[in-house]
Structures are given as C-alpha cells and as structure tokens.
Amino acid sequence: MKILYLHQYFRTPEQGGAIRSYYLSDAMVKAGYEVVMITGHNAPKYEIKEVNGIMVHYLPVFYENKMTYPSRIWAFSKFMVWAFFLSLKIKNISLCYASSTPMTIGVLALFIKKAKRIPYFFEVRDLWPEAPQQLGILTFKPIIVLAKFFEKKIYLNARLIVALSPSMKLNISAKKIDKEIVVIPNMADCSFFSRIEESEKKEIKLEKGLAQKLVIAYFGALGKANDLSRLLDLAEKLRKHPIHFLILGSGSEEQKLEAQVRSSENVEFLGYKNKFELKGILDYVDAAYISFAKFPILETNSPNKFFDGLAAGKVILTNTKGWLKEIIESEACGFYVNENDESDLQKVIKLSSNPDQVEKLSEASRRLAEEQFSRQKLTSKLIKIISQAGTKPHALEVG
C-alpha cells in the first residue's frame with residue numbers, strides 16, 4: 001500500500017523543530033507501507049531524497065516564521081499548486097495523509113481526491129481559519145467566508161479526521177461534522193530523550209555557571225502566537241531570585257525580544273537548536289515553559305515542546321489554560337503560571353529552593369510521557385487505523 005503524505009514543513013531530527021510528520025511517516029515505513037512525502041524547503045531547487053525509507057519530494061517554496069501574512073499566503077498557494085501537479089505523476093497511491101497547517105493542505109488533499117479518486121485522512125494541527133482570525137491576522141471578510149467554506153468541505157470529504165488535542169476534536173464536532181474524529185496528540189520520544197541523574201545535572205550546571213539555580217527553558221517558535229513577552233515579564237519579576245531563563249528558537253519576534261532583555265542577567269538567548277542540540281541543553285534544565293498569547297483558540301494547541309519536556313522529565317510550567325493546564329494539574333507534573341499573579345510567582349520561587357519538589361514533579365512528567373504520550377503508543381494507534389482503512393473502505397473502527 002502506497003501512502004501519499006502531504007506536509008509543507010516536514011522536518012527531521014537533524015533539522016529540529018516539529019518532527020511529528022517524521023515520527024508518523026517513519027512508523028508507516030516500519031509497518032510495511034510505501035510512503036511518498038511532498039514537502040517544501042528553502043533551497044533553490046526541487047530535490048528528491050530518501051529519508052529512512054521515506055521518499056521525500058522537496059519543492060523549492062521558501063517559508064519562514066518572519067514572513068508577512070501576504071507572503072505566507074503566496075507560499076501556501078504556490079506549494080498547493082505545485083504539489084497538486086506533482087501528485088498527478090505519482091502512481092498507485094492508496095491513501096493520502098494530509099497534515100495542516102496551513103489549511104491549503106486540506107484543499108490540496110480535496111483536489112487530489114477528486115482528480116485521483118483516492119481517500120484522505122486530514123490531520124488538524126491548528127484550527128484554521130479561527131486561529132488567524134482571533135490573532136487579528138485574517139480580517140478580510142470575503143477571505144474568511146471562503147476559508148470557512150473550504151474548512152467544512154475538507155472535513156466532510158475526509159475519510160478520517162485526526163485532531164491533535166481533545167479540545168480540537170470538540171471544536172470540530174461542534175461544527176456538526178459527521179465524520180470519525182480520532183485524537184492523536186503530538187508525542188513524547190521517550191527513547192530519544194531521557195532523565196539524567198541529579199548528580200550529573202548538578203555537574204553540568206556548575207560548568208555552565210548555573211549552580212544552585214533553577215533553570216527554566218522555553219524552546220520553540222518566537223512568534224506572535226507564543227507571546228514570549230509574558231515570559232520576559234515573569235523573568236523580570238523573579239530577577240532577584242536564583243532562577244535562570246533560557247530561550248531557544250527563532251521567529252518574527254526574535255529581535256524585539258532580544259532587545260527587550262539586553263540588560264537582563266537572568267535571561268539567555270541560545271538561538272535555534274535541532275533535536276540533538278536541544279537534548280544536550282535539557283540535560284541541565286529543570287523546567288520547560290509553555291507560552292501562548294491569551295487567545296481561546298490557542299488553548300486547543302498540542303505543542304511539541306510540552307511533549308519533549310515530558311519525555312526529558314522536566315517540570316512543566318505553562319501560562320495557557322485549556323486541556324494542557326488540566327492535564328498538567330491532574331497529573332501533578334507542573335503548574336499554571338500567570339506572571340501577574342503573586343501567588344503563582346511564589347510557586348516558582350518555592351520551586352527554586354525545593355529540589356525535592358523538582359524531582360517529584362520531574363518524575364511525574366516522565367511517567368506521563370511513558371504511559372500516555374509515548375511515540376511508540378501513538379504511532380501504533382495510527383498504524384492500526386490505517387490498516388483498518390485498507391480492509392474497510394467505507395468505515396473505520398477508531399479506538
């Protein structure tokens with residue numbers, strides 16, 4: 001069985017960033033499926049590479065987080081058209097797996113279904129067009145109406161919808177979409193990340209000049225949706241305490257954020273890191289910080305940094321509500337932090353002087369990663385669904 005996998009931002013561990021599509025396509029290959037990936041890259045030429053058995057077609061469609069919204073729309077449209085004509089040349093496809101964002105990936109899957117008469121699974125990584133609407137990025141009403149039309153068309157024509165969080169599933173179900181919706185969150189790579197001995201962590205901290213300090217790391221995009229100014233406000237209010245903040249990543253807000261903390265001694269920018277570099281840094285980090293702007297739609301997100309933090313056995317701190325806050329609190333692996341709430345600030349301060357609490361919360365994080373969100377368990381869940389799709393063309397049993 002040949003699967004056509006559509007994801008405009010396919011990344012490998014060596015490249016870093018969100019590598020969910022690598023995890024899933026790698027699992028498909030290991031399960032015996034032939035996988036053809038169509039993605040984009042910032043190189044000037046079209047290339048075909050084999051990546052661990054995945055045949056990857058790289059289209060030269062430049063994209064970065066710092067681009068203006070019109071430039072992004074152009075990149076999305078260009079990729080959609082180019083990928084459509086490329087897909088017509090690929091023979092014997094049995095199933096298309098289309099991963100948003102952007103929503104144009106869903107439109108692409110819809111066109112491929114009509115042209116090649118093959119079913120598709122639609123993976124919802126972000127809720128479009130609601131996310132750009134709430135963030136004030138998408139304001140032109142005719143475009144919003146068109147986007148909502150295609151959103152419903154994409155959902156209704158999908159064989160199956162894969163949502164990345166329970167709240168995403170509820171959002172889609174509320175639109176009266178009569179389709180099977182399965183939740184497969186982002187995953188914790190428990191074999192790649194691991195908790196190290198406390199004594200070894202202390203030695204690394206000593207080498208880094210961070211002995212006796214609580215080290216909190218944010219790693220991921222530095223964009224408007226992440227609102228890292230909230231983290232910087234928190235750092236400013238805790239500057240007199242033995243707490244050090246690391247910021248790893250890049251994005252449209254990067255220069256603005258760096259300028260904001262040039263004189264801060266408790267905040268350090270380390271730039272963008274791939275998975276291997278991140279792993280080394282997490283060895284001496286105590287807590288992972290999950291940051292989002294205060295928009296309800298962002299509370300549905302399933303951020304990679306959360307699952308990497310769990311796998312590495314880190315205390316999880318978040319400034320966002322929703323399902324993420326609920327699971328962190330229910331599993332006792334961290335806590336919610338409002339940078340403007342004195343009681344929340346005290347929680348972080350107490351954490352900095354209580355290594356036993358850090359150890360307890362860290363153990364709970366790793367346990368949660370292994371029991372609920374391990375890469376092996378979640379990829380196996382998808383493979384089971386795909387195998388059912390092959391034997392039941394009109395129905396799926398979703399567990």
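Just so we're clear, the structure is a prediction, and the values are computed from it rather than from any experiment.
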Side-chain donor-acceptor distances from residues 51-59 under 3.5 Å, at least two apart:
residue: N52; atom: ND2; partner: Y22; partner atom: OH; Å: 2.7
residue: H57; atom: ND1; partner: Y46; partner atom: OH; Å: 2.7

For residues 212-226, dump all side-chain donor-acceptor pairs below 3.5 Å to protein atoms at least two apart in sequence or in another chain.
residue: Y218; atom: OH; partner: A221; partner atom: O; Å: 2.6
residue: Y218; atom: OH; partner: N226; partner atom: ND2; Å: 3.3
residue: K224; atom: NZ; partner: L135; partner atom: O; Å: 2.8
residue: N226; atom: OD1; partner: G223; partner atom: N; Å: 3.0

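When the options T12, D308, D189 are evaluated for a side chain to side chain contact (heavy atoms under 4.5 Å, CB included) with K275, the one that passes is D308. Exactly one of R366, K314, R195 qualifies for a salt bridge (Lys or Arg N to Asp or Glu O under 4.0 Å) with E359. That residue is R195. With F192 as the fixed residue, the ring-ring contact (aromatic ring centres under 6.0 Å, His included) test singles out one of F307, F276, Y23: F276.
Taken to the nearest 0.5 Å, the CE atom of M37 stands 14.0 Å off from the NZ atom of K49. Interatomic distance, CG of L206 versus NZ of K208, reported as 12.0 Å (0.5 Å rounding). To the nearest 0.5 Å, atoms CD (E200) and CD (E203) are separated by 7.0 Å.
Aromatic rings from Y63 and F76 are positioned such that their centres are separated by under 6.0 Å.
More than 12 non-hydrogen atoms from other residues, nucleotides or ligands lie less than 6.0 angstrom from NZ of K175. Atom CH2 of W82 is surrounded by more than 12 heavy atoms from other residues, nucleotides or ligands within 6.0 Å. Atom CG of N42 has more than 12 heavy atoms from other residues, nucleotides or ligands within 6.0 Å. Within a 6.0 Å sphere centred on NZ of K2, heavy atoms belonging to other residues, nucleotides or ligands number more than 12. When the shell of 6.0 Å around NZ of K116 is examined, it contains more than 12 heavy atoms from other residues, nucleotides or ligands. Counting heavy-atom neighbours within 6.0 Å of E14 CD, excluding the residue itself, gives a total above 12. Atom NZ of K279 sits in a crowded spot, with more than 12 heavy atoms from other residues, nucleotides or ligands closer than 6.0 Å.
Under the rule for a ring-ring contact (aromatic ring centres under 6.0 Å, His included), F269 has no partner lying at least two apart in sequence or in another chain. Residues satisfying the ring-ring contact (aromatic ring centres under 6.0 Å, His included) criterion with F245, sequence neighbours excluded, are absent altogether. S353 is linked by a side-chain contact (heavy atoms from CB on, under 4.5 Å) to nothing, counting only residues two or more places apart in sequence or in another chain. Residues forming a ring-ring contact (aromatic ring centres under 6.0 Å, His included) with F10 (at least two apart in sequence, or on another chain): none.
Donor-acceptor pairing under 3.5 Å is recorded for the side chains of T68 and S71. At a cut-off of 3.5 Å, with distance as the only test, a side-chain donor of S165 or S167 sits close to an acceptor on the other residue. A donor-acceptor pair shorter than 3.5 Å cannot be found between the side chains of N266 and S264. Side-chain atoms of Q346 and E342 form a donor-acceptor pair, as typed in the model, at a separation below 3.5 Å. Side-chain contact check for N92 and S94: no donor-acceptor pair (N or O, by modelled atom type) lies under 3.5 Å. If you check the side chains of N340 and K237, you find a donor sitting under 3.5 Å from an acceptor. Looking at E47 and H41, their side chains never bring a donor and an acceptor atom within 3.5 Å of each other.
Here the shortest heavy-atom pairing between I297 and L127 reads CD1-CD1, 3.6 Å. Between N157 and K179, the closest heavy-atom pair is N-CE, 4.5 Å.
For the pair L6 and C96, the minimum side-chain heavy-atom distance is below 4.5 Å.
Annotation: cation-pi pair K201/Y284 absent, no NZ/CZ under 6.0 Å from the ring centroid and within 45° of its normal.
Ring geometry for F111 versus F150: interplanar angle over 60°, hence perpendicular rather than tilted (30 to 60°).
Between E123 and R125, at least one side-chain N (NZ, or NE/NH1/NH2) sits under 4.0 Å from a carboxylate O, which counts as a salt bridge.
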